Each structure stands twice: as structure tokens, then as C-alpha cells.
Amino acid sequence: MQSLTKILVLHGPNLNLLGKREPEIYGRLTLSEINQQLKNRALEFGVEIKFLQSNFEGELVQAIQNAPENFDFILLNAAALTHYSIALRDAIAAIEIPVIEIHLSNIFSREDFRHKSVIAPVCLGSISGFGIDSYISALEIAVRKLRRLNCEK
Ligand code: DQA
């Protein structure tokens, strides 16, 4: 029997403050509202989804290292770590499962220091600027990719 598809959503530093953190940039949805919407969509797709938010680089590195044991795909909003964490980049490069980079805001229309993503070159692709739809679209792409892979087996 084919095993259930499992997707891990990782949220980086300060994303626990969504809803009250700079709502003009990040919107008014809280992190648990975003997770709930992703859960509903995942349920429609029949895939399992798990979430982790951390303000600590090492915890995210560890989660990425462990992910291949339990998950088929990672959706990652690395938040500020996107712009400077070589440790996160190396962890992504070290694993076999694909990672999609996500941002609620359009990082290219903001401050210069946000234009650079050190993780982008080791991710499958990046989605930036669509609020919660950045996450939902990434989930849809992950499911489509995994279904295609399963068909080829
Ligand atoms: C963010 C963009 C980052 O530049 C910022 O540091 C964040 C959130 C986004 O989702 O738009 O914390 O990743």
C-alpha cells in the first residue's frame, strides 16, 4: 500500500507574532489561523501536514535534518534567517527531500537586505508576496509534485 504523503511546514523567527506583528506588511491572520487553513486544504488533498515554529536557528536546522525520516516535502518560511543563515542553507542542501521557500511579503519590494535569500539556491523554488496564498500555493505545488512522483513509481 502506498504510504500517506506527509508535509512539514516550518515557520521561522517572529512568525509566532503574526496577527499583531506589522499587520500592514504581514496581514492580520495569526499563525494558528494560517496553520488551520493549511490543515483544511491538506485534508481536502488527503495529505498529512505538521507544523513547527521556532525562534531558534538550531531547532530549525535540527527539524530539517530529521525531516526525511518522517516527511516527503518541506514548506519553509525561514523569516529573517532567509537572508543570512548559512546553517539553514547547508541543512537544506544536505537532505534529499524538496523544500519550497515561502514569504508572506514580497521580499524584493522591501529593504535591500531582504532582496538576498541565501536559501533560495538550494530550494526547489520560492513563493513571495501573496500573504497566506504563498503558503497555500506552495502546498498545492508540493502535492502536485508528489503525486506526479508517485505516478512515475
Ligand atoms: C518574511 C520576510 C522576511 O524578510 C522577514 O524577516 C520575516 C517574514 C515573510 O514571510 O514575508 O520575518 O519571511
Side-chain angles (χ1 to χ4, degrees), residues 5-45 47-68 70-146:
T5 296
K6 290 188 189 145
I7 295 175
L8 175 64
V9 183
L10 293 176
H11 305 284
N14 300 306
L15 294 173
N16 54 312
L17 299 179
L18 285 177
K20 49 180 192 270
R21 172 192 180 203
E22 300 182 274
E24 65 291 354
I25 296 174
Y26 298 116
R28 296 203 177 271
L29 288 175
T30 64
L31 190 62
S32 55
E33 287 167 340
I34 289 176
N35 287 347
Q36 191 54 56
Q37 289 201 34
L38 284 167
K39 218 172 182 172
N40 295 346
R41 198 79 185 102
L43 214 66
E44 288 166 15
F45 282 131
V47 301
E48 204 174 297
I49 194 162
K50 293 267 184 266
F51 305 95
L52 172 76
Q53 188 278 327
S54 180
N55 292 326
F56 301 97
E57 184 181 28
E59 194 175 355
L60 292 164
V61 167
Q62 198 61 65
I64 291 168
Q65 285 186 18
N66 294 344
N70 296 305
F71 297 95
D72 305 295
F73 220 104
I74 299 177
L75 310 182
L76 170 66
N77 185 347
L81 294 169
T82 303
H83 312 298
Y84 66 88
S85 175
I86 307 300
L88 221 51
R89 179 205 157 105
D90 287 350
I92 297 166
I95 59 167
E96 294 289 328
I97 62 171
V99 178
I100 296 181
E101 175 188 7
I102 296 167
H103 301 287
L104 292 156
S105 63
N106 179 354
I107 56 173
F108 302 103
S109 67
R110 300 183 60 197
E111 304 94 323
D112 286 353
F113 65 85
R114 292 187 207 274
H115 297 180
K116 169 121 187 110
S117 165
V118 299
I119 64 169
V122 290
C123 288
L124 193 60
S126 307
I127 305 176
S128 166
F130 300 101
I132 188 172
D133 287 335
S134 294
Y135 282 95
I136 301 281
S137 309
L139 174 61
E140 290 173 358
I141 290 165
V143 170
R144 229 173 288 148
K145 290 250 168 227
L146 289 167

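Both counts, for ligands and for their atoms, begin at 1 and track the order of listing. For reference, positions follow the sequence shown, starting with 1. These figures come from a predicted structure and were not determined experimentally.
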So with a 6.0 Å cut-off around CZ of Phe130, is the heavy-atom count from everything else above 12?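 No, because the 6.0 Å sphere around CZ of Phe130 holds 12 heavy atoms or fewer from other groups.
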
Passing option when Leu10 is tested against Ile74, Val99, Leu15 for side chain to side chain contact (heavy atoms under 4.5 Å, CB included):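 Exactly one pass, corresponding to Ile74.
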
Salt bridge between Glu140 and Arg41, side-chain N to carboxylate O under 4.0 Å?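 Result for this pair is yes, salt bridge flagged.
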
Below 3.5 Å only, please: the N or O atoms of ligand 1 paired with protein N or O atoms, distance on each line.
{"from": "ligand 1", "atom 1": "4 (O)", "to": "His83", "atom 2": "NE2", "distance (Å)": "2.7"}
{"from": "ligand 1", "atom 1": "4 (O)", "to": "Arg114", "atom 2": "NH1", "distance (Å)": "2.9"}
{"from": "ligand 1", "atom 1": "6 (O)", "to": "Ala80", "atom 2": "N", "distance (Å)": "3.1"}
{"from": "ligand 1", "atom 1": "6 (O)", "to": "Arg114", "atom 2": "NH1", "distance (Å)": "3.0"}
{"from": "ligand 1", "atom 1": "10 (O)", "to": "Asn77", "atom 2": "ND2", "distance (Å)": "2.9"}
{"from": "ligand 1", "atom 1": "10 (O)", "to": "Leu104", "atom 2": "N", "distance (Å)": "2.8"}
{"from": "ligand 1", "atom 1": "11 (O)", "to": "Leu104", "atom 2": "N", "distance (Å)": "3.2"}
{"from": "ligand 1", "atom 1": "11 (O)", "to": "Ser105", "atom 2": "N", "distance (Å)": "2.8"}
{"from": "ligand 1", "atom 1": "11 (O)", "to": "Ser105", "atom 2": "OG", "distance (Å)": "2.5"}
{"from": "ligand 1", "atom 1": "12 (O)", "to": "Arg21", "atom 2": "NH1", "distance (Å)": "3.1"}
{"from": "ligand 1", "atom 1": "12 (O)", "to": "Arg21", "atom 2": "NH2", "distance (Å)": "3.0"}
{"from": "ligand 1", "atom 1": "13 (O)", "to": "Asn77", "atom 2": "OD1", "distance (Å)": "2.8"}
{"from": "ligand 1", "atom 1": "13 (O)", "to": "His103", "atom 2": "ND1", "distance (Å)": "2.8"}

Only counting residues at least two apart or in another chain, list the ones meeting side chain to side chain contact (heavy atoms under 4.5 Å, CB included) with Thr82.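 With sequence neighbours excluded, Thr82 shows a side chain to side chain contact (heavy atoms under 4.5 Å, CB included) to Ala78, Glu101, His103, Ser117, Ile119, given in chain and number order.
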
For Glu44 and Asn40, what are the C-alpha separation, side-chain angles and deciding distance, and is it a side-chain hydrogen bond (donor to acceptor under 3.5 Å, both in side chains)? CA-CA 6 Å; Glu44 288 166 15; Asn40 295 346; over 6 Å; no

Interatomic distance, Gln53 atom CD to Ser32 atom OG [nearest 0.5 angstrom]: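 Between atom CD of Gln53 and atom OG of Ser32 there are 11.5 Å.
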
